[in-house]
Every structure is written in structure tokens, then in C-alpha cells.
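Below is one structure, written out as C-alpha cells; the observations come after it.
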4 protein chains.
Amino acid sequence: MGGVDGDAGSGGEAYSRGRIDKRQAIVRAAFDVFARDGYAQASVDAIAAAAGVAKPTIYNHFGAKENLFRVVMADVGRRATAATLEVLGAFPAEPDDLRAELTQLGRRLTTCFADPVSTSLRRLLHAEIVRFPDLLDEVRAGAATPVIDALAGPLARLATAGHLQLSDPIRASNQFIALIGDELPALTALGTRPAPPEQIDAVVTAGVDTFLRAFGTADNSPALGDPDPHAATTSHPT
Amino acid sequence: MGGVDGDAGSGGEAYSRGRIDKRQAIVRAAFDVFARDGYAQASVDAIAAAAGVAKPTIYNHFGAKENLFRVVMADVGRRATAATLEVLGAFPAEPDDLRAELTQLGRRLTTCFADPVSTSLRRLLHAEIVRFPDLLDEVRAGAATPVIDALAGPLARLATAGHLQLSDPIRASNQFIALIGDELPALTALGTRPAPPEQIDAVVTAGVDTFLRAFGTADNSPALGDPDPHAATTSHPT
Amino acid sequence: MGGVDGDAGSGGEAYSRGRIDKRQAIVRAAFDVFARDGYAQASVDAIAAAAGVAKPTIYNHFGAKENLFRVVMADVGRRATAATLEVLGAFPAEPDDLRAELTQLGRRLTTCFADPVSTSLRRLLHAEIVRFPDLLDEVRAGAATPVIDALAGPLARLATAGHLQLSDPIRASNQFIALIGDELPALTALGTRPAPPEQIDAVVTAGVDTFLRAFGTADNSPALGDPDPHAATTSHPT
Amino acid sequence: MGGVDGDAGSGGEAYSRGRIDKRQAIVRAAFDVFARDGYAQASVDAIAAAAGVAKPTIYNHFGAKENLFRVVMADVGRRATAATLEVLGAFPAEPDDLRAELTQLGRRLTTCFADPVSTSLRRLLHAEIVRFPDLLDEVRAGAATPVIDALAGPLARLATAGHLQLSDPIRASNQFIALIGDELPALTALGTRPAPPEQIDAVVTAGVDTFLRAFGTADNSPALGDPDPHAATTSHPT
DNA sequence: TATGAATGAGTCTTCATTCAT
DNA sequence: TATGAATGAAGACTCATTCAT
């Protein structure tokens with residue numbers, strides 16, 4: 001829903017309008033069904049029905065269920081990454097209030113991570129990594145790594161500007177993501193339940209606080225004790 | 001329910017013995033097959049073959065595939081948690097060198113998290129959470145929450161003793177786990193590939209360092225810049 | 001229908017009565033369906049229905065349609081050969097009236113060759129030789145060659161006894177078969193229509209006459225011109 | 001009906017030319033595919049691909065697969081018959097050396113019968129006779145019967161001229177064909193393997209010898225025992 | 001309890017055929 | 001006429017589950 005798809009680029013030659021529409025419809029429907037039922041349990045029949053096409057049309061376009069799955073995953077991976085990168089792109093170069101900006105960034109990122117598309121993608125990836133070992137690279141090439149890198153840039157800039165004290169921006173980027181996002185799976189039941197926003201907020205706030213305690217400078221300080229005691233009990237990854 | 005624990009050793013050779021050992025053999029074999037093929041694709045035939053029993057025997061014991069799956073997941077969850085709690089139990093009450101002890105703890109925990117049993121469990125959980133929503137609670141009741149709690153205890157004690165400066169031990173516990181473990185899925189291809197130990201070590205060391213920068217006191221300080229520059233490239237969760 | 005099957009031998013170990021019965025039923029039914037529809041068009045569903053079993057039972061027994069086909073063909077080949085060999089075995093060692101005996105042999109052989117089982121087998125063999133190149137050897141090992149050999153023996157004996165004048169019994173055996181049987185496919189529409197017995201008789205009589213004109217001795221002579229002029233128009237191989 | 005003949009050359013490269021050549025291309029390609037895969041297994045897709053046309057083009061021309069098959073079979077039947085009749089037409093009216101001429105005729109006929117086009121035609125006929133009972137008449141009308149007749153003419157003339165001693169030329173014609181050709185299927189694996197020319201030669205020589213022993217006169221006699229002992233083992237029809 | 005055998009339901013895939021251009 | 005695209009029907013094969021022993 002991030003409005004990412006304009007670039008197309010996946011197609012090949014000059015399809016007729018109708019054809020490309022059906023292809024799109026199939027891919028969208030397939031993702032829904034895969035997300036709901038899992039790869040193995042998702043029947044091509046169900047996908048065809050959901051897409052409003054006849055079953056052979058799917059085979060005309062994708063050849064086999066496996067292939068369709070790969071296309072769907074790559075497509076969704078691209079969309080999820082694009083949404084996340086958009087969020088990161090909005091991070092200001094010269095933040096007035098670093099704590100506030102980082103907190104807002106964290107909120108937005110967790111929203112991305114908790115998005116149904118993202119969580120379904122993650123679930124399918126976990127579920128099918130054994131059957132499709134190469135899928136991870138395909139999807140991640142356009143998913144996780146770029147995100148880390150895209151955050152490392154601003155962090156490095158902030159360090160150079162004296163607003164942060166860190167020597168390895170990539171590592172810090174990973175740690176920021178970890179601090180604000182690691183509890184998400186537990187909070188959202190692996191993405192199947194919407195988490196109470198206050199709980200997510202609490203995690204993000206606490207994560208940013210810890211991050212700044214570790215890497216902040218005099219600029220961004222208060223940090224008087226822990227910023228707040230809204231407990232929002234949590235648990236570990238699953 | 002037959003009391004599966006302690007010995008760990010996920011192996012899969014010497015099944016069969018007295019009488020209820022047959023039930024054991026089925027559960028062990030079933031986990032292997034589920035881990036390899038996923039729930040839907042795992043055929044009861046394959047499980048029976050792997051367990052060295054006839055198919056109806058499985059139905060005599062468990063009634064239905066779904067049931068068997070629940071038993072298996074609960075069993076494995078229990079085993080995984082037990083191993084992790086054992087590691088946490090070994091954390092000394094009065095550590096001489098806090099940084100060193102936390103680092104060792106981190107190493108041991110990542111070893112637990114990267115264990116084939118743990119990662120398979122996590123994959124299956126992600127894969128089947130939609131079909132078995134209650135599974136999460138069942139497994140987590142005996143998995144994640146206790147782990148976080150078991151780590152919060154010592155942290156609180158350390159805070160009381162003045163070795164750490166933190167107000168919410170549960171949160172800190174979660175953050176410690178996040179800092180040392182969040183990159184694991186990326187490093188191990190969701191648990192399908194063994195990660196180079198140096199890379200894991202680097203992540204753990206950096207995680208502990210950040211943790212101490214945020215929560216440490218004069219006791220445990222060096223923190224001279226970043227502890228080390230062994231890059232160990234990383235990426236984000238998936 | 002020649003009553004050949006007692007020897008079994010195809011089975012393997014100790015099947016229960018019911019199992020072997022079902023297996024037999026499947027093989028019989030499969031042959032009927034294959035003969036009617038051809039290999040490709042014969043649906044396993046149809047075979048299952050004809051055999052009165054469920055489809056998976058067929059797969060339990062034979063694993064795959066292809067396998068079932070091979071078993072069926074081997075089975076039918078065996079039966080057809082056995083029937084033919086029985087006919088040949090009945091040929092008297094010391095025939096009183098050689099012409100009469102050869103004619104009777106010819107009639108019986110043509111009956112064998114025109115038998116529905118034989119003709120269906122032949123049709124299926126022709127139809128599927130490209131897809132199953134090895135089938136020919138399997139079936140023929142127990143079909144054509146032994147028949148030629150079984151006829152060559154008596155012919156050689158007759159030659160030794162001075163009743164025939166020939167030097168290559170195998171060749172003569174082939175030629176006898178050719179003379180009495182080569183027109184059968186044309187007369188029976190490749191085995192799909194019963195040929196008028198008089199026509200077959202005429203072919204056999206003429207074939208035996210030619211055979212004796214070529215290889216006979218004074219013993220068996222009349223051969224006054226052609227034995228009869230009942231034209232029975234014929235045609236060549238198809 | 002487009003007038004297919006003479007040039008033979010079943011090849012399949014240089015299709016395409018003016019306009020109706022597309023129809024030709026389809027027919028040629030269809031035969032190749034039918035011959036390879038059988039009627040049922042030959043997909044219209046494969047035929048279209050082999051012919052270099054789009055699938056609907058086939059339907060524009062022939063309406064249905066069944067129809068295409070009939071056209072192809074009639075076409076091939078015509079070509080095969082034409083080739084055989086050409087051989088028979090070359091038989092001299094007044095042979096100098098009857099044995100030699102018959103032998104040469106036999107060789108040429110067996111070459112015709114063993115031709116890939118002929119054997120494929122025969123296989124398809126056997127395979128589909130049940131589904132297309134009328135096909136036999138269609139194809140044979142222009143195939144077998146004329147051949148027998150075309151041979152019966154010269155034989156009758158030879159009898160009249162005193163070079164042969166026979167009263168039923170049609171029957172003799174059939175028997176000649178049987179004697180030289182009946183072993184072909186066995187020797188060529190139903191036309192799927194090229195038979196060693198020596199073996200075919202041996203069969204033809206022996207067949208002609210037997211034919212002349214039965215119907216020859218003093219003219220063509222030697223027939224000293226069997227003409228040669230090059231064993232060339234053989235077997236019976238399939 | 002343990003098993004060999006059997007089955008109804010469902011899955012992926014292919015095919016002959018048609019429509020709109 | 002020629003074709004890209006779409007489809008209803010059907011086929012091989014698998015699976016979770018149940019009898020009868």
C-alpha cells in the first residue's frame with residue numbers, strides 16, 4: 001500500500017494491456033493466498049479463483065506454481081523494501097531534535113516491519129527457506145541489506161557532524177534496527193495480530209533511549225534515568 | 001506428554017527400545033520430517049518410515065497429523081527452552097569481569113538460538129502460525145518469555161549491586177537479546193547455514209559493548225572507542 | 001482364454017488372498033481398457049472402475065501407470081505365447097497324413113493369432129513401441145521366438161525322417177508361419193473384426209499347399225494344381 | 001487433396017513458401033509428431049511448433065485434431081503406396097533371369113516396407129484402429145490392395161508365359177509378399193531399428209527360393225538345396 | 001498396540017478448443 | 001487467413017485417514 005509499483009521493469013516485451021492486467025491480478029491474488037495458506041497448502045485453484053482467471057491462465061503466465069511463488073516473493077520483497085527505503089529517505093540530514101527524529105523514524109520503521117505485506121513475506125520466507133534456499137538471496141538482495149545501508153549513511157553523517165559517537169555505522173545501523181524492532185514478532189504474534197500502538201511506542205522509545213545512551217553526545221542528552229516507566233511487558237523473538 | 005527433556009541431543013539414530021519408546025521415536029522422526037518438509041508437505045508416510053513404524057501406529061498414538069504436530073512442537077519448544085535456561089542459569093551471581101561474562105553469555109545464547117532445533121522450531125512456527133494460531137502461546141509459554149525473565153533477574157541484581165545502571169530490567173533483558181541475536185537470522189540464512197563463528201563473535205562483542213555503553217557504570221568501562229574493527233559485515237532481519 | 005495362468009510365478013512373496021485377487025483383477029481390467037483405448041487414452045480412473053478397486057490401490061500395487069502397462073503386457077505376452085506353444089506341442093511326432101496335420105496346425109495357429117488377446121497385444125505393441133522400446137524384447141522373449149523354435153523342431157524331425165526336404169528349419173518355420181498367417185491382419189482388420197472362417201481356411205490351405213510344393217516329398221503330394229479356387233480375396237500387410 | 005507425391009523425402013526442414021504451403025507444413029509436421037508420440041499424446045501445440053505456425057492456424061485449416069489426423073494418414077498412405085507401386089511398375093514384363101528379378105523386386109519391396117514413413121504409418125494404424133475403424137479402409141484403399149493387385153498382374157503374365165506354374169495369381173502375390181516381408185517387423189523392431197541389410201537379403205533370397213520351388217518351372221531351377229547358409233537368425237511376427 | 005491394504009478427496013498440470021484482433 | 005490469450009474438462013498421482021486382522 002506504499003504506492004510502489006510504477007517502475008514495473010519486471011515484464012519483458014510489449015504485452016497487451018489485458019495481459020499485463022491479468023498477470024498483475026494473478027500475482028496479487030497469489031500473494032494473498034500464499035500468505036493465508038502457505039506455499040504448499042495454497043492451491044492453484046484458489047489462486048485462480050481469487051484472481052478471477054482460469055487456472056490454465058496461470059500456467060500460461062508462470063509455467064508452474066513454484067515459479068509463480070518466486071515471482072510473487074520477489075515482487076513483494078521489492079515493494080516492502082521500497083516502502084522502507086522511502087521511510088529512511090525521509091530522515092532529515094540535519095535533525096533539530098535527534099531524539100525526536102530517531103523516535104519518529106523508529107515508529108515509521110516498525111510500522112513498515114509490522115505491515116501485513118512485510119510480515120507475510122517474512123513468514124513465507126521462514127516457511128519455505130528449506131524448499132527454496134535461493135529465495136532468501138533474491139528477496140534480501142532487494143530487502144534487508146539496502147535498508148541497513150540506507151540507515152548507515154545518515155548515522156555516519158551524524159557521527160561526522162559530532163551528533164553521534166560511533167565508529168562502525170553499519171553495526172550501529174543493525175543495532176538500531178534491532179533495538180526498535182526485535183520485539184515486534186513477539187508483540188504481533190509473528191505479524192498475525194496488530195500490536196497495541198502504545199506497546200510499540202514504548203519499545204521504540206526505549207530503544208532510541210538505549211541507542212542514544214550508547215552513542216549520543218551532549219547534544220541529545222536528557223536521558224534522565226529511563227524516559228518512562230510504561231512497562232509494556234515484552235518477550236523475546238521466536 | 002511423555003516427559004521429553006534433559007538429554008537434548010536432537011540426533012535421530014538409535015530409536016526403539018522398550019515400549020513407549022515407539023512414541024518417542026515417532027515424535028523425534030516427526031520433528032525431523034516437519035523441519036525438513038514443512039507441516040503440509042510432510043507426509044505421514046515419510047514420518048512413519050523415518051520412525052520405523054507403520055502408518056496406523058502413528059494414528060493409534062496421536063489420532064491425527066495435526067495433533068502429532070502440536071505434540072512435536074510443544075516437545076521441541078520445551079527442549080529448546082530448557083537448553084537456553086541452562087545457559088542463563090550458569091550466569092554468575094557476582095561476576096568478576098562483567099564485560100567478559102556478558103560476552104560469554106552472549107556467545108552461549110547465540111549458540112542456542114542458532115541450534116538446528118531452535119531454528120527449525122522458529123521456521124515451523126512462522127510457517128504455521130496462521131493455521132495454528134494457538135501454537136505460539138503453547139510454545140512460547142515454555143520458550144521466549146521465561147528466557148527474558150530469566151535474564152532480567154540477574155540484570156536487576158547487577159543494577160541493585162551498582163554494576164549496571166538501568167530501571168527496567170525486563171526491557172534491558174529484551175534489548176540485550178536483541179543486540180546480540182537480532183542479526184542471527186541474516187547471518188545463518190534463517191538457520192539453514194552455519195554462520196562463521198568470527199562473525200557471530202563480532203556481533204556479540206559489539207552488542208555487549210553497546211549494552212555496556214548504555215547501561216554500564218565505572219566498573220566496566222574501557223569502552224575505548226569501539227572495541228574492535230573486525231568488520232563482519234551484516235545485514236538486517238528477514 | 002486358453003486357460004493359461006496357473007504357473008503364476010509373477011508374484012513375489014506371500015500375499016494375502018485378497019491382495020493377489022485385487023492385483024489380478026487390476027491386471028485383467030487394465031488389459032481390457034488398454035486394448036480398447038490405447039495406453040495414453042486409457043485413464044487410470046477407468047481401469048480402477050473396471051477392476052472394481054479404488055485408484056490408489058492401483059498405485060499401491062504398481063506405482064505408476066507405465067509400470068502397470070509393462071506388467072500387463074508381459075502378462076498377456078506370456079499367456080498368448082503359452083497358448084501358441086500348447087498348439088505346437090500338440091503336433092504329432094509321426095503324422096500319418098502330413099498335409100492334413102499341417103493344415104490343422106495352421107488352422108489352430110491362425111486361431112491363436114486371431115485371438116482377441118493376441119491381436120490386442122499386437123496392436124498395443126505397435127502403438128507403444130516408440131514410447132516403450134524395451135517392451136518388444138520383454139514380450140517377444142516370451143512370445144515370437146519360442147514359437148518359431150517350437151515349430152522348427154518338428155520340421156527338422158520331418159526332414160530327417162525324409163518327409164520334408166529342407167536344410168534350414170528355422171527359416172522354414174518362419175516361412176510356414178508367414179504363409180498361413182501373413183494375411184490375417186488384412187482379413188481381420190488388424191484383429192478388430194472376426195474374419196470369415198472360410199477365408200482363413202482358404203489361406204491356410206493354400207499356404208500349406210505352397211509349403212508342401214516347396215518342401216514336400218513324394219509322400220505328401222496330390223497338390224494337383226491349386227487345391228481349390230475359392231478366391232477369398234486378400235490383401236497385403238498393413 | 002493438394003496433390004502430394006513423387007518427391008517422397010519425408011524430411012522436415014524447408015517448409016514454408018507461398019500460401020497453401022502452410023497447410024503442407026502442418027501436415028508434414030503433424031505426421032512427424034504423430035509418428036513420434038502417437039495420436040493421443042501428440043499435442044496440437046507440438047504440431048504447431050514443429051510446423052512453425054500458431055495453434056489456431058491448425059484449427060482454421062483442419063477444424064479438429066481428429067480431422068488433421070485423418071488427412072495426415074490419407075496423405076501418408078498415398079505416398080507410401082505410390083512408392084511401392086513405382087517399384088512394382090519397374091518389374092520387367094519379360095525377365096531374363098526370373099530368380100534374379102524376383103530377388104531384386106523383393107529387395108526393393110522390403111526397402112519400401114521398412115521405410116520410416118511406411119512403418120510409422122503401420123504403427124499409427126495399429127494404434128488407432130479401434131478409435132478410427134474407418135481409417136483402415138481409407139488408407140488401405142490406396143495402400144495394400146493395389147499393391148497385391150499390381151504384383152498379381154505380372155505373376156499371371158509369367159504363368160501364362162510358362163515361367164511360373166500357378167493358378168491363383170492373387171494368392172501367389174500374397175504369398176510372395178508374405179515370404180519376403182513377413183519377418184520384417186521382427187527384424188526391424190517394428191520399424192524402429194534399421195535391420196542389417198544382410199539379414200533382410202537372406203530373408204528375401206530364401207523367400208524367393210521357396211517361392212520358385214513352389215511355383216517355378218524348369219526355366220528357373222537351380223534350387224540346389226537351400227541357396228545359401230547365411231543363417232541370419234529370424235523370428236516371428238509380432 | 002501394531003500393521004498391510006484400501007480409499008475419497010484433492011493437487012498440479014496439460015490439452016483441445018475458442019475468442020478477439 | 002493468422003495469432004496471442006484464455007479456458008473447461010480431464011488425467012496422473014498423492015495424501016490423510018480408516019478397516020480388518
Rounded to whole Å, the CD1-P distance (C/I58 to E/dA5) equals 16 Å
What integer distance in Å separates D/D45:CG from E/dT17:P?
-> 12 Å
With sugar-phosphate meaning primed atoms plus P, OP1 and OP2, does C/A42 contact a base, only sugar-phosphate, or nothing at under 4.0 Å between heavy atoms?
-> sugar-phosphate
How close do A/A51 and A/I26 get, heavy atom to heavy atom, and via which atoms?
-> CB-CA, 3.8 Å
Examine distances only and state if a side-chain atom of D/K55 and a backbone atom of D/A46 form a donor-acceptor pair shorter than 3.5 Å.
-> no
Closest to the 5' end of DNA chain F, once A/V53 and D/T57 are matched to their nearest nucleotides, is D/T57
Nucleotide of E/dG8, F/dT3, E/dA16 approaching C/A54 most closely (side-chain heavy atoms) | E/dG8
A/V44 side chain: which of E/dT13, E/dT18, E/dT3 is closest?
-> E/dT13
Per atom distances to the D/K22 side chain, the nearest of F/dT3, F/dA6, F/dA12 is F/dT3
Within the structure shown, what part of the strands sits under 4.0 Å from D/S43 by heavy-atom distance: base, sugar-phosphate, or nothing?
-> sugar-phosphate
Within the side chain of B/K65, is there an N or O that forms a donor-acceptor pair under 3.5 Å with the backbone of B/Y39?
-> yes
Would you say E/dA6 has OP1 or OP2 under 4.0 Å from some side-chain N or O of C/H61?
-> yes
Which residue lies toward the 5' end of DNA chain F, C/G63 or D/N60, if each is placed at its nearest nucleotide?
-> D/N60
Rounded to the Å, how far apart are D/F62 CZ and E/dT18 P?
-> 16 Å
Is the closest basic N to carboxylate O distance between C/R131 and D/D37 below 4.0 Å?
-> no
State whether A/R79 and A/D75 are salt-bridged, where the test is any N-O pair (Lys NZ or Arg NE/NH1/NH2 against Asp/Glu carboxylate O) under 4.0 Å.
-> yes
D/F62 and D/F69: CA distance, side-chain angles, deciding distance, ring pair (Phe, Tyr, Trp, His ring centres under 6.0 Å) verdict = CA-CA 9 Å; D/F62 300 95; D/F69 186 64; over 10 Å; no
Atom pair distance, as rounded to whole Å: CD1 in A/I47 and P in E/dG10 | 17 Å
About how many Å separate OH of B/Y59 and CG of B/L68, when rounded to the nearest 0.5 Å?
-> 9.0 Å
From E/dT3, F/dT14, F/dT3, nucleotide with atom closest to C/P56 side chain | F/dT14
For DNA chain F, the dot-bracket notation using Watson-Crick and G-U wobble pairs below 3.5 Å, [ ] for pseudoknot-type crossings and | for other-strand pairs, is .||||||||||||||||||||
